[in-house]
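Whatever order the structure lists them in is the order used to number ligands and atoms, beginning at 1.
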Amino acid sequence: MGAKGFSCGLLGRNVKVVVVLACLWGLMSLSCAGRLSPSKQKLEVRKHLKRLNKAPAKSIESPDGDVIDCVPITNQPAFDHPYLKDHKIQTRPSFNPERLLGENKMTVESKQGANPITQLWHMNGKCGEGTIPIRRTKKEDVLRASSVKRYGKKKHRSIPKPRSADPDFINESGHQHAIAYVEGDKYFGAKATINVWEPKIQQPNEFSLSQVWVLGGSFGEDLNSIEAGWQVSPDLYGDNNTRLFTYWTSDAYQATGCYNLLCSGFIQVSNEIAMGASISPVSGFRNSQYDISILIWKDPKEGHWWMQFGNDYVLGYWPSFLFSYLADSASMIEWGGEVVNSEPDGKHTSTQMGSGHFPEEGFGKSSYFRNIQFVDSSNNLKAPKNLGTFTEQSNCYDIQTGSNGDWGRYFYYGGPGRNPNCS
Ligand SMILES: *[C@@H]1O[C@H](CO)[C@@H](O)[C@H](O)[C@H]1NC(C)=O
Ligand SMILES: *[C@@H]1O[C@H](CO)[C@@H](O)[C@H](O)[C@H]1NC(C)=O
C-alpha cells in the first residue's frame with residue numbers, strides 16, 4: 001500500500017486524478033480479496049500456485065501424499081524478491097557457534113532420547129546437488145486459507161508476550177502458550193533439542209506447535225520474529241502430520257513474512273531437508289523418544305540469520321535486510337509450545353500441546369526442550385542462568401524448568417487442553 005501511495009505522489013498534476021482513481025481501485029480490489037467471484041478466485045489461485053511452485057529438475061512422491069520438487073537452487077522463491085535479484089548465494093556461513101564446542105559435541109548428545117530422525121519423503125528419493133527440495137503447494141492447500149493473500153501467513157497477534165501489561169491481549173486471540181524465555185540483553189542466536197510428538201488437534205482451524213522464537217523490537221506493529229520448530233496444522237497442510245517449519249515476519253505478522261518458502265525471503269542451501277515436510281518417526285508415550293535440534297544464529301560477518309537442523313543440516317539463511325531490529329540483534333528469545341484454541345470466551349478445546357501430557361509426568365510421557373542455549377554478543381553458545389516462564393492457564397498447558405549435567409538447561413511443557421481443571 002505504501003509503495004502505491006508513493007508512486008501516486010510522484011506523478012505529474014494532470015495525470016493525478018486518473019492515478020488517484022487507479023489507486024482507489026487498487027485499494028478496493030485488495031480489500032475485497034476475500035470475496036472474489038468463483039472464476040476470479042480460480043485465476044488468483046492458479047496465479048499464486050504458479051508463483052510458488054517453481055519448475056523442478058525432478059519430483060519425489062512422499063508416502064504421506066506430499067510431492068517434493070527438487071528445484072534448481074537459483075530458481076527458489078527467494079529470488080522473486082526485488083532486493084534479491086542480484087544476490088549471490090552464500091553456500092555456507094562464515095561462522096558456526098557450534099564449532100566452538102569441537103570435540104565436546106558428543107557430550108551434548110544425550111544418552112536418553114537421541115534417536116536418529118529423518119523426513120518421510122527420504123524413503124522415496126533424494127534431491128541432487130544444485131537443487132533444493134520444496135514441498136509442492138496444491139490447489140487444496142490454498143483453498144483452505146481464508147484468502148489467497150493470507151495463505152502461508154500466521155494470524156496477527158499470535159505472539160506470546162510474557163508479563164503483558166494488558167491481560168486481555170493474552171486471552172483475546174485464542175493462542176495459548178507454555179514457554180521459557182530470556183530477555184534484557186542482545187542475543188545473536190538460539191538453540192534447543194526438542195522431542196517430537198503428534199499432538200491431537202480437535203478443530204481443523206487450530207494448530208499445535210513447538211518452536212524457538214528469535215525476537216527483535218517491541219511487541220508493537222514492527223515486531224521482528226524468526227521462528228522454527230515442528231507443528232501440526234490441518235489448515236496449512238491438509239493432514240495431522242508433524243512437520244518441520246520456519247516462520248519469519250518483520251511487521252508483527254501483517255504484510256511481511258510467511259511459513260517455510262511460501263513467500264520470498266529465506267534462502268535455502270540444503271538439498272536434504274524440505275521445510276514443511278513430515279518428520280518421521282515421532283515419539284511414543286512410554287515408548288521411544290525422538291528429538292530434533294534447531295540452531296539459529298547470526299553470521300557475524302554477513303549479518304544473515306542461519307538455521308541448522310540436527311547436527312548436520314545447514315538449511316539456509318534469512319538475509320539481514322529482511323529485518324529492522326534483527327538486522328542488529330535479537331532482544332528476546334523464547335522456547336516452547338503454542339496452540340490455537342478456537343473456542344470463544346476463554347473456553348478450551350482438547351487440542352494437545354506437545355505430548356498432550358503435563359510436565360510433571362517427566363521423560364517418556366511429557367514433551368521437552370533440552371540443552372537450551374542462546375548465542376551471546378561474543379558469539380558463544382550459553383545456557384541461560386535466568387530463564388523466565390510464561391503460560392496463560394497452567395491447568396490447561398503448563399511448563400516446568402530444570403537443569404542437570406546431561407541436559408543442561410531444560411524444561412518439560414505441554415498439556416491436554418480441556419480437562420476437569422480446564423474448561
Ligand atoms: C485467561 O482467561 C481465563 C479464563 O477466563 C482466566 O482464568 C485467566 O486468568 C486468563 N489469563 C490471563 C493471563 O488473563
Ligand atoms: C485429524 O485429526 C482429527 C481428530 O484429531 C480428525 O477428526 C481429522 O479427520 C484428522 N484429519 C485428517 C485430514 O486426517
Side-chain angles (χ1 to χ4, degrees), residues 45 49 52-53 60-68 118-121 123-124 134-148 150-155 158 174-178 194-211 229-245 247 259-260 262 274-287 290 337-344 347-358 361 365-367 393 395-398 413-423:
V45 170
L49 289 174
L52 289 174
N53 295 325
I60 297 164
E61 291 212 20
S62 173
D64 59 2
D66 278 3
V67 176
I68 303 297
T118 176
Q119 289 193 304
L120 208 52
W121 65 274
M123 291 171 71
N124 290 345
I134 305 183
R135 177 185 183 268
R136 188 185 297 173
T137 299
K138 297 177 178 159
K139 195 173 71 192
E140 305 82 73
D141 293 331
V142 180
L143 290 175
R144 276 192 309 274
S146 60
S147 77
V148 173
R150 291 305 303 171
Y151 172 65
K153 291 186 182 295
K154 272 195 186 181
K155 293 200 174 67
S158 65
H175 289 246
Q176 305 268 300
H177 307 88
I194 315 169
N195 70 343
V196 181
W197 296 84
E198 196 175 279
K200 293 261 175 307
I201 312 297
Q202 190 183 308
Q203 305 287 343
N205 62 346
E206 300 178 329
F207 66 62
S208 181
L209 57 74
S210 297
Q211 65 166 78
W230 60 257
Q231 68 179 167
V232 177
S233 175
D235 249 7
L236 190 57
Y237 303 105
D239 62 21
N240 294 318
N241 291 352
T242 305
R243 292 161 179 279
L244 173 72
F245 81 96
Y247 199 92
Y259 282 109
N260 307 327
L262 295 174
M275 293 206 281
S278 302
I279 300 173
S280 175
V282 298
S283 305
F285 187 72
R286 291 179 192 273
N287 214 319
Y290 295 90
E338 172 180 356
V339 303
V340 168
N341 172 47
S342 62
E343 297 275 317
K347 291 203 178 62
H348 289 82
T349 61
S350 59
T351 286
Q352 300 175 329
M353 182 190 291
S355 67
H357 289 261
F358 282 116
E361 296 189 43
K365 298 167 206 153
S366 180
S367 31
Q393 264 178 285
N395 42 6
C396 304
Y397 307 101
D398 204 4
Y413 71 102
R418 192 180 178 87
N419 72 76
N421 297 320
C422 161
S423 54

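- Between Gln119 and Leu244, some side-chain heavy-atom pair lies under the 4.5 Å cut-off.
- The 12-atom threshold is exceeded at NZ of Lys138, counting heavy atoms of other residues, nucleotides or ligands nearer than 6.0 Å.
- Side-chain contact check for Glu206 and Thr351: at least one donor-acceptor pair (N or O, by modelled atom type) lies under 3.5 Å.
- Those atoms of ligand 2 that come under 4.0 Å of a heavy atom in Asn240, given as number and element, are 1 (C), 2 (O), 3 (C), 8 (C), 10 (C), 11 (N), 12 (C), 14 (O).
- Checked against salt bridge (Lys or Arg N to Asp or Glu O under 4.0 Å), Arg136 has the following partners two or more places apart in sequence or in another chain: Asp69.
- For atom 13 (C) of ligand 2, the choice among Pro234, Gly238, Ser350 with the nearest heavy atom turns out to be Gly238.
- When only non-hydrogen protein atoms are considered, atom 4 (C) of ligand 2 lies nearest to Ile201 O, 3.8 Å.
- By the 3.5 Å distance cut-off applied to N or O atoms, Lys200 is not counted among the residues near ligand 2.
- Of the protein's heavy atoms, none falls inside 4.0 Å of atom 9 (O) of ligand 2.
- A donor and an acceptor atom, one from each side chain of Ser350 and Gln202, are located under 3.5 Å apart.
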